[in-house]
Structure formats: structure tokens, C-alpha cells
Chemist: 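Mind having a look at this structure? Questions to follow.
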There are 2 protein chains.
Amino acid sequence: MSTKPAVNGAHKAAIRQENEEQILAAAERVFADFGFKGATTARIAEIANVPKANVHYYFSTKEALYRRIMEDVCDHWLEAAMTFDNSADPAFILRGYIEAKMDLSRVRPYGSRLWAHEIIRGAKFSSEYISTTVKNWLDSRVEVIRGWIDEGKMDDVEPYTLMYMIFATTQHYADFGRQIEIFNNDKPLTDAQFAEAKENVVRIILKGVGLA
Amino acid sequence: MSTKPAVNGAHKAAIRQENEEQILAAAERVFADFGFKGATTARIAEIANVPKANVHYYFSTKEALYRRIMEDVCDHWLEAAMTFDNSADPAFILRGYIEAKMDLSRVRPYGSRLWAHEIIRGAKFSSEYISTTVKNWLDSRVEVIRGWIDEGKMDDVEPYTLMYMIFATTQHYADFGRQIEIFNNDKPLTDAQFAEAKENVVRIILKGVGLA
DNA sequence: ATTTATCTTGACCGTTTGGTCAGGTTAAAA
DNA sequence: TTTTAACCTGACCAAACGGTCAAGATAAAT
């Protein structure tokens, strides 16, 4: 561990932060792979490289750990959502949002997979969050899209269907990453391949709604 | 049970078929909700309305049951895949394929979710199937799309990206069905809403690749 | 130097889990 | 009628699981 002399408990605080981060990262991965019920605290401890009792020392229960990670994933999702503002230029906004979501899938695939698990099993823990924070955001974005349609800036498409298409397509690169890898001759997409995919996704969707 | 007199073991055969179907349906649902590891044989038995020992009487292990259902889901997927043939008319073929996939999500959401679980956790059981049957089919369809592009029938898009977009968008209605339901004021999509979504998905994608 | 607070962790506990078994029931075959 | 085969299932087993605890180590405060 750190050899730097501690001042005012900084060392103990650093120990806590380092261990918590290690456990959170391990847990995100294990929950992403197996879902809440399928994940074991033994496996999380193993990946985090700490004794199982330590997981419980820092996070009282498996569920507490799970909720903590989901909050973090939601915060990250919100950052991408913020790129979708009320600008007058739909092509610019939609391009920015799709790219932000694609990038999120690229840099944090486990978070997306964890979310997918959560939704697939019925959104047991996140139902309220989805029906409030996420739904309010979605409904307000749908109003913005409707405004663009009314102003003749884009085709008259059903806005919810468009948003679901964007969610689905962008998260696919995280959730079904392994399948895409198998299709790519068992190799992860290179940065170039991913950039090309991103550009094609943006292009097809923008043209699909009359913006390119 | 059936009161019809049996002839040549038909009754016993009917018992087996009925019980197997019940267990398979229950298992598909439980595996869809919780994934392989998170699902329990006790839960499957409960949903199937049979004693747990009966599950093992008909399917030796949990894994045998899981593999059996996955084979079935793959067969079903293949049926939709068959709509994508070598026709000269890309708009017609893509529309047919997208619609078949959307319908599959509508009539068999658990199968799609089970598949999603399988892929999210790394395609542990299905890796070979994906890298052979599915990949060969995908690669051959990509060649067909390239042919259409070469003939100037559609835009020069990256065919794999297009196929992933179709997979993602159509399966979203099954895998993230709960989220969509929450966004729909906690009500499942009506048939009319689903038909509208399907039409919009087809329209956006076809236009997005220069086919509408 | 001593005390206090935090960290560490092997061992343990009660519950859950996948799977087995023995004995009984029912239907079909001989 | 008897025998055979298939179905049924409560009880049980060993292993896995989430979580706890006591005792020791370490760092910080007094």
C-alpha cells in the first residue's frame, strides 16, 4: 500500500476509497455478467481481490452494493442524456446524443449490461427511477422532437419509437458486445471499426428521420 | 387429466408431452427473468405447477433444460432469419425481415430475453452456435446487402452495422419490454401502438439506407 | 507510550440450492 | 390377472450461499 506518510487520517481514508473502488468495479462486472441473483459475493470478492468479509465490511449487503452501483450507472446515463438539449438544430443534437450513448457503451459496457439485466428481469429495483427521472426526461425530449416535426425540420415519425431505436442500437454495442465480437471473427471491434459503426448509426438514423 | 381412453400408450405419451411443455414454458420464463445462474429449479417447478423432482424426472439437469430451451429459441430465430432471402428487392426483403423480428419480440418476449441473458454473460453456452450457424447466415446476408449496394439499389452503408441495428431495435421490444411499458404509463403497448412502432421502425430504417 | 478507531479475515452459521432416491400410483402390455 | 413400464413426489443429501463474529493488525489520536 501507499508508503506516503499519512496526515490526519488520509491514509485510512485512502485505504477505504481504494477498497471501495475495487469492490465496486468487481461488483459491476459480476452483476453485469450474472444479474443480481446470479452474482455471488464470493465471486465479487474474488474479482476484487479481497476476502468476502471485506465486501460486507464496506457494503452491508449484496443488495446495498447493487443499489450503489445502479445509482452510479444512472448518474452516468444522465450525463449522456444532458447532451440532448433544446437546440434548434435537431441533426446536431441527435448526432451528439447518439455519439454520447455509443461512447458510453464503449467505455462502460458493464454498466450497460447491468442495466439490461435489471430491465430484463422487470426493473425490480429501478421501477420508480424509470417512471420518474427517466420518463420525465424522455417525455420532455419527445416534446422537443415533436416541436422539430411541427416546424418541418424533420420527418413526422413517432418520437418514442425513434428514442427506443437510439437506446436499443447504442446499448447493443455493450449488451451484445460478445455476440458482435464473435461476428467480428472473435475479436473486439477496433477503434476504427467502432468509429465506423458509430458514424453509420448516426447517418442511418439521421437520414431515416429526414435529417440527412 | 384426459378422460379419453388411451390406445397404444397414447395417454402416457400425452402425459409426457403435456408435462414437458409446461416445464419448458415455465423454465423459459424463469430463465428469461433471472438468467441461468439466477433461476432456480424450485421456481421453475412452482411456475410449471409440478413437484421439483418432476422437473428432474423429465430433464436430467438444470443445464439440460436450459440448453433445450435455447435450441428451441434458436430454431424460432432461424424461422425469422429465413425471411431474408436473395430477392432483388431490398426494400421488400428488409421490410419482411424487420417485421418478422418485431413480431417475434411480440409473441415470444421470454425467448428473446433468455437469449439476451445468454449473450450478456458472454455467450457461454451458445458461443459455437453463434460462431457457426448464426455467423454464416449473417455473413451471407451481408454479401446480399453488398450486392444491393453495388447495384446502386441502396446507400453505401456498413452492412454489419445495419444488421446490428435491426437486431437491436427489434429485440428491444422484448428485452426492454418492461421499460417501454413503464414509459407507456405502466401499460403494455396496445396492438395498435405496436403496429405503429413496427411501421415506424421499418420506415426509419428503410429511409435511413436509401430505400424509401 | 497508550488508547482509540479502522481495517482485516478465517471460521462459522442458517438458509438455499441442484439433484437423488425409494416407494407408491397409474396405465399399458403380456 | 399379472407383470412391466412410466409417472409421481416427499424426504433427504452435499454443496453453495449471504451474512456475522471474534480476534488480531494497523494507523491515527491523545
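Per chain, numbering begins at 1; letters A, B, ... match sequence-line order.
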Chemist: Answer yes or no: does a side-chain N or O of A:Asn19 lie under 4.0 Å from OP1 or OP2 of C:dT6?
Modeler: no
Chemist: Answer yes or no: does a side-chain N or O of B:Tyr58 lie under 4.0 Å from OP1 or OP2 of D:dC8?
Modeler: yes
Chemist: Whole Å only: how far is the OH atom of A:Tyr57 from the C1' atom of C:dT9?
Modeler: 12 Å
Chemist: Picking from A:Phe36, A:Phe59, A:Phe34, what satisfies ring-ring contact (aromatic ring centres under 6.0 Å, His included) with A:Tyr66?
Modeler: A:Phe36
Chemist: Using a cut-off of strictly less than 4.0 Å, decide whether B:Lys37 has a side-chain nitrogen or oxygen near OP1 or OP2 of D:dC17.
Modeler: yes
Chemist: Return the value, rounded to whole Å, for the distance between atom NZ of A:Lys62 and atom C1' of D:dA16.
Modeler: 12 Å
Chemist: How would you list, by chain and number, every residue that makes a side-chain contact (heavy atoms from CB on, under 4.5 Å) with B:Leu104, sequence neighbours excluded?
Modeler: B:His76, B:Ala80
Chemist: In whole angstrom, give the distance that lies between atom CG of A:Leu65 and atom C1' of D:dC17.
Modeler: 15 Å
Chemist: How is B:Ala39 classified with respect to the nucleic acid when contacts are heavy atoms under 4.0 Å: base, sugar-phosphate, or nothing?
Modeler: sugar-phosphate
Chemist: By nearest atom, which of the nucleotides C:dC7, D:dT9, D:dG18 is closest to the A:Thr40 side chain?
Modeler: D:dG18
Chemist: Would A:Arg106 and A:Tyr173 count as a cation-pi pair here, with the cationic atom under 6.0 angstrom from the ring centre and within 45° of the axis?
Modeler: no
Chemist: Measuring to OP1 and OP2 of C:dT6, would you say a side-chain N or O of A:Arg16 lies under 4.0 angstrom away?
Modeler: no
Chemist: For B:Phe34 and C:dT16, give me the distance from atom CZ to atom C1', rounded to whole Å.
Modeler: 14 Å
Chemist: Between atom NE2 in A:His56 and atom C1' in D:dG19, what is the gap in whole Å?
Modeler: 5 Å
Chemist: Taking the six-membered ring of A:Phe92, is the NZ or CZ of A:Arg95 close enough (under 6.0 Å from the centre) and on axis enough (within 45°)?
Modeler: no
Chemist: Between D:dC8, D:dG10, C:dG19, which nucleotide has the shortest distance from any of its atoms to the side chain of B:Ile15?
Modeler: D:dC8
Chemist: With axes from five pairs an end, tell me the bend angle of the helix from C:dA1-D:dT30 to C:dA30-D:dT1, nearest 10°.
Modeler: 0°
Chemist: Is the CZ atom of A:Arg68 crowded by more than 12 outside heavy atoms at less than 6.0 Å?
Modeler: no
Chemist: Return the value, rounded to whole Å, for the distance between atom CD of B:Gln22 and atom P of D:dC7.
Modeler: 14 Å
Chemist: Using whole Å, what does the distance between atom P of nucleotide C:dT8 and atom CG of A:Asn49 come to?
Modeler: 12 Å
Chemist: Taking atom P of D:dA27 as reference, at what distance in whole Å does atom CD of A:Gln17 sit?
Modeler: 18 Å
Chemist: So, OP1 or OP2 of C:dC21: does either fall under 4.0 Å of a side-chain N or O from B:Lys52?
Modeler: no
Chemist: Among A:Trp115, A:Trp137, A:Phe84, which residue meets the ring-ring contact (aromatic ring centres under 6.0 Å, His included) test with A:Trp77?
Modeler: A:Trp137
Chemist: Test A:Arg178 against B:Ile130 for side-chain contact (heavy atoms from CB on, under 4.5 Å), laying out the working first.
Modeler: CA-CA 10 Å; A:Arg178 179 58 189 142; B:Ile130 296 177; over 6 Å; no
Chemist: Of the options C:dC7, D:dA27, C:dA28, whose atoms approach the side-chain atoms of B:Lys12 most closely?
Modeler: C:dA28
